[in-house]
Amino acid sequence: MINVAEEFSPFPAGRYRSDGPYSGERFREEILVPKLATGNKLIINLIGTMGIGSSFLEEAFGGLVREKGFKPKVLKESLEIRSSLPTYQKEIWQYIEQA
Amino acid sequence: MEARIAQDPFAFKDENRSKSKVTIRLQVPEVLALFEQPERSQLLRFLAQMREAARLKKRTLLNFKNTQKLYPCGTLLFISELYRLIDYYDFGDYLIINYPDNDVVEQLFQHIGFLGKLGKKNRAVVTSDKVVHWKFLCGTNVDLSGVSTFHNDLITSLGFEGADRLVAGIGEAITNCMHHAYLEDRNDGIPISNRKAWWLFVAKKDDEIHVVICDLGIGIPRSLEVNNPWPAVLFRSTLSSLGMDRYHDSGYIETSLELGKTRTGQDNRGKGLPQIVDVVNQAKKGGLRIFSNRGFYNYNAINGKSSTREFGDSIFGTIIQWSFPISDYIKVVGDE
């Protein structure tokens, strides 16, 4: 499991590394991709974070498909998103499907 | 701009600074606002004089004696311009200010840290209802850590979901600014190139939330000319259908909103501003104002009407100001 608030930032924001220290690109490259490479099911725990915008989510999760070649079907089986707001799950899966 | 100084009542006695005489005295305007004339032109003329004083590296006094009324748009632009000159051009080495005569003005400048940044002691008791609710943040990248200083207040007022969506909206506005505002030189006579920065006011007062964000970049019109997310033909035909052409900065603002309502541009761009309009629109109250270069766009959510105005002078950047009632915002967010 990845506890995003503790292991990355309680306020993840921005799309590219050049945007800032807690960007979607950095999260994808430094945390998501290495963890997915293990082949185990991965739980992304967003509880404790606040205000994650579409730029971060699209780059982090949509980028798995667009930039790293992951298949949406495979991600459906590998990823579980936990958050106190259901809107995050909906948004993340939308970006994965549309990437 | 040389001043005759026989006796200088504003000679600044500070052991940390030179006691050299003031050679430029600039009167800060009585009203800091951008949406009406002549106040807009007065403010922009003053800001140009301030940039010139910084460029000349002349000992400068900013005189707040007559400053009486602070509107968020004009005040944030003034603060942003001055902070940019201090942080990137060493203007602080040449600058002194006096305390405003107006107590509320002094309280606000103290409350947001402006007086302290310019070496003035905090002496006011900040109690004014026009001041205490405002927060000021600034940054040079997309880092929302500063929100942690007031996010508990937001949760108390808006509930967790409401606070979350608001902070997300602020983060997206800052991200947009970083991506699009600083693509080229600002062309304001100050050779500070590609220094990305943003400045922000946020307030919760009574039942309303107010957010104002400023960048000192190239403005929406120039940004779209450099890197338009929509096909050029589509953009120009939409601009034309609004009765505008490429000489209308306000037309560029309105066109990007129109196109963003119905389609996303390349690379998922073009959604930021329309999303902000959406929140205000769904609440059916509040409003949105966008100032960019010479253009001004105003949307009133109560009657659903928008208007534009083209001014003769440019703010050399973009300010987005939006407000909405908390109760309606929570309802809208809950329905998403």
Side-chain angles (χ1 to χ4, degrees), chain A residues 4-29 44-67 72 81-99, chain B residues 137 139-155 158-183 194 196-198 200 202 211 260 264 266-272 274-276 278-279 332-336:
Chain A
V4 177
E6 290 165 23
E7 295 175 49
F8 190 66
S9 170
F11 301 100
R15 182 180 283 272
Y16 306 117
R17 284 183 193 271
S18 53
D19 288 342
Y22 306 112
S23 68
E25 182 184 12
R26 184 179 160 219
F27 181 73
R28 183 188 72 226
E29 297 297 316
I44 312 290
N45 183 10
L46 298 176
I47 296 171
T49 62
M50 172 170 274
I52 309 180
S54 54
S55 296
F56 177 93
L57 293 174
E58 203 287 325
E59 189 61 33
F61 294 96
L64 286 173
V65 175
R66 189 177 58 255
E67 305 293 334
I81 313 294
R82 289 187 191 167
S83 76
S84 40
L85 297 174
T87 183
Y88 282 128
Q89 282 102 318
K90 187 177 158 190
E91 206 175 335
I92 286 168
W93 290 117
Q94 183 186 319
Y95 293 138
I96 288 173
E97 289 296 329
Q98 291 176 352
Chain B
L137 287 178
T140 56
N141 59 19
V142 186
D143 183 355
L144 300 184
S145 307
V147 170
S148 62
T149 58
F150 59 86
H151 85 287
N152 284 331
D153 287 342
L154 288 180
I155 293 172
L158 305 178
F160 183 80
E161 188 166 5
D164 182 272
R165 292 296 85 205
L166 178 64
V167 172
I170 290 172
E172 286 302 294
I174 294 170
T175 303
N176 272 344
C177 160
M178 293 288 109
H179 286 178
H180 307 309
Y182 297 97
L183 298 174
N194 291 327
K196 295 183 183 182
W198 54 268
L200 174 81
V202 60
V211 182
T264 308
Q266 298 152 13
D267 304 327
N268 217 25
R269 278 183 58 200
K271 290 187 73 171
Q275 281 179 339
I276 294 170
D278 238 11
V279 171
V332 164
V333 163
D335 285 344
E336 279 182 354

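Proteins come first, then strands; the chains are lettered A, B, ... in the order of their sequence lines, and each starts at number 1. Scope of the values below: all heavy atoms of this structure, side chains included, with no hydrogens, waters or symmetry mates.
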Taking the side chain as C-beta and beyond, is there a heavy-atom pair between [X] and [Y] under 4.5 Å?
| X | Y | value |
| --- | --- | --- |
| Asn141(B) | Pro21(A) | yes |
| Tyr16(A) | His179(B) | yes |
| Leu85(A) | Phe160(B) | yes |
| Ile155(B) | Met50(A) | yes |

Tell me, side chain or backbone of Thr49(A) under 4.5 Å from chain B's heavy atoms, or both, or neither?
backbone
If I compare all heavy atoms of Ile52(A) with all of Ala168(B), which pair ends up nearest, and what's the gap?
O-CB, 3.8 Å
Under a 4.5 Å heavy-atom cut-off, does chain A meet the side chain of Ser148(B), its backbone, both or neither?
both
Straight-line distance of Leu144(B) CG to Tyr22(A) OH, nearest 0.5 Å:
11.0 Å
Taken to the nearest 0.5 Å, the spacing of Lys196(B) NZ from Ser18(A) OG works out to 6.0 Å
